[in-house]
Amino acid sequence: MISLKIQQTFIEIKTDFNGNIISIVDGYFLKNEFIESKSIFKICTFLENVLDFLPINESLNIDSLIINDDNQDFNIDVEILKTEFEIFILIQNRTTLYKYIGKLNQNRNDLFFLKREIDEKNLELEILRKIAEKANEEKSRFLAMMSHEIRNPLHVILSYIDLIEQENTSPIVKESLKYMSISGKNLQVIVDDILDLSRIEAGKLQLAKLPMNLGVLINQIQSIFDKTHKNPDVELQFYVAENIPKIVLTDDVRLYQILINLINNSIKFTEKGFVKIAVKLISVENNFTTIGFEISDSGRGMTEEQALTIFEEYQQNQLDDNRIHKGAGLGLTIVNRLVRAMNGSISVNSKLQEGTTFSIKIPFNIENQSDIFEKVALKIKNEKSLKGTKVLVADDNYLNLTIVSHILKQEEAEFVMVKDGIEALIEISKNTFDLILLDINMPNLSGDDLILQKSNYEKMNGKTPILAITANNSVENIATYLDLGFKDVIPKPFTKSQLIEILLKNL
Amino acid sequence: MIAKKVLLVGSFGVGKTSLIRRFVLNEFSEDYISTIGVRVSAKIMKIQEEEVKLLIWDIAGTYGEEKIPKSYFLGASAAMFVFDVSREETYLDIKNQLDAVKSISGLKNIMLVGNKKDLISDEKLAEIMKIIPISIDLMTSAKEDENVEDAFIKLTLQSLK
Ligand SMILES: Nc1nc2c(ncn2[C@@H]2O[C@H](COP(=O)(O)OP(=O)(O)OP(=O)(O)O)[C@@H](O)[C@H]2O)c(=O)[nH]1
Ligand SMILES: [Mg+2]
């Protein structure tokens, strides 16, 4: 006897060759749909046009068919046997089984489409990556262009304005020069900012770690602003806590840049009141000290949203800010990156119409303090001057040559100027100098080729410091020049004081 | 009235069920519910004043080299092989796939239909026609109801031959 449960999972029907039901042989599955003398095709559409083609006395399996009863789908397996007179049809309900198979099947197919989608996305990403790479290359090219083609002529222009300003000129010319100088300097700030930022971005910024007296640095900054700050409505206040370590190891140029940038920023957004610079000790631990710098003002302040984006590129709070104030709005971005490069942190606190406070915390290395004092003391004792120093300057750029000569003349140095590498070589093989300045890119014989021909100038200038003048002043380039035998590199463009400082350092 | 059994075959997800749903019910869905086994739908066609009951077998799509069971083709008069014009892998090896279906089914002619034409440009469509070494009967879109009816009429005519 077959149990009722099993009986319900199948049904066996006998039909004639036209599909008319003769009888139900066994089973209860969908029993009510199979009525004697009615056509089986109504529920079993799949049998229509099939019965005629069945082989005689040979059973045939058709698996995985779907029938619908009362809007409900059933998955069935069918076994058919055609004899001389009748057809036997065995229908097995396999709905539960096929439900699982269906799920697996669906998952497999869905996975396939998902993978396709991912592949397509990856392809798109690859294309985007290539575009980005190309854009980056363009950027590098553009920046190289900026540094050579714009920075240098700009430097020349500014230097000439400097020269003319010292002459006796009419008030109109003086006035015009003033505006030329302001615009030129604005442009210089923008170009320098962009170059700085890209250098930081490219990870090419290398921070120096040299002893520096924080108090002295703040004094310097104060005296600079004493000279340049002209707004009587805004008082500049400097405050340095007494307990900060005198000497810390840091990159003084960059720290100076950070503070100057922030102070300038505060001044430009403050019409009345104060700008205050406070330096405080936050903590000391073993060889480290963390120092806080606070630049606060009573200026126009910012909204919270503005404060959130203040360190992003090209941000200036009001549309016309970059027309009124110099710079492309990169200053704070650079500050932020520099502070981070020094492992420090920066935050801003601001209230609209009340003022803004930038707080920086930077950890500094502190070496054995007495050692450092000696070094610093030594440096201060050695105050030298260029007076009477014999200098050879080789540069094919006439404008650069005049600027250098102008500075050297002011410093009362003795100097010889030549226009290319060959002339320079002849000169240094005949006469001894105290300093030799070689431009790198010169016609006939470049500076870096010239220095290698030591046998030709060894007798007269074997010990003379040779300095490279170049705009190729990336870290890698500088390293290459030092390897070649240059004692130091004078990066173009340079200011008068920068040039003098480097020359003195190498005497 | 005569009845004719026809089948839709091809890789999974090419739109066989969608073509039938569009033709029989004039419905379309973006969801993909993979067919398990076979569902048979019927539609009465009027061909030259004569009514034909078309029994349309919607078969689960094949995956890779998978073969369709021979028993499905018993009593079949025609078949439509569907590929997806937006999926290269469904038509790159189409000649071999079609030959395999022919040998299993015993059918001499199998109609070839490229579905989802709405997903690609006309240029790309022309390119595909060039790539495929056998002639394509129709390009369809179940989604936008393009050439779907024509495809089934052609299939019916073939089943009557
Ligand atoms: N854009 C577009 N999508 C379509 C078209 N036809 C079908 N689809 C989509 O393609 C997917 C698969 O469609 P189905 O009709 O289920 O494909 P199938 O060939 O029956 O798939 P299997 O049953 O697994 O073999 C679904 O998401 C449909 O919405 C079409 O003409 N155009
Ligand atoms: Mg389907």
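Chain naming here is simple, since letters A, B, ... match the order of the sequence lines and numbering starts at 1 in each.
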Considering all heavy atoms, the nearest [X]-[Y] contact:
X: B:S34; Y: A:N105; value: OG-ND2, 3.3 Å
X: B:S86; Y: A:R116; value: O-NH2, 3.1 Å
X: B:L74; Y: A:L54; value: CD2-CD2, 3.5 Å

Measuring from [X]:[atom1] to [Y]:[atom2], what's the distance to the nearest 0.5 Å?
X: B:R87; Y: A:F112; atom1: CZ; atom2: CZ; value: 5.0 Å
X: A:I62; Y: B:F73; atom1: CD1; atom2: CZ; value: 12.0 Å
X: B:I36; Y: A:Q106; atom1: CD1; atom2: CD; value: 8.0 Å
X: A:N109; Y: B:I33; atom1: CG; atom2: CD1; value: 12.5 Å
X: B:I2; Y: A:N49; atom1: CD1; atom2: CG; value: 9.0 Å
X: A:L60; Y: B:K70; atom1: CG; atom2: NZ; value: 11.0 Å

Is [X] close to chain B through its backbone or its side chain, or both, or neither, when contacts mean heavy atoms under 4.5 Å?
X: A:D52; answer: neither
X: A:N61; answer: backbone
X: A:L65; answer: both

Original post:
Could you go step by step and tell me if B:R39 and A:D73 meet the side chain to side chain contact (heavy atoms under 4.5 Å, CB included) rule?
Top reply: CA-CA 10 Å; B:R39 183 191 298 275; A:D73 278 350; 2.6 Å; yes

Give a yes or no on whether [X] atom [atom1] has more than 12 heavy-atom contacts from other residues, nucleotides or ligands under 6.0 Å away.
X: A:E86; atom1: CD; answer: yes
X: A:E120; atom1: CD; answer: yes
X: B:Q48; atom1: CD; answer: no
X: B:E149; atom1: CD; answer: no
X: A:E138; atom1: CD; answer: yes

Original post:
At a heavy-atom separation under 4.5 Å, does B:Y72 approach chain A through its side chain, its backbone, both, or neither?
Top reply: side chain

Subject >> Pick from B:L55, B:I59, B:V38 with the largest number of heavy-atom pairs that fall under 4.5 Å of chain A >> reply: B:V38

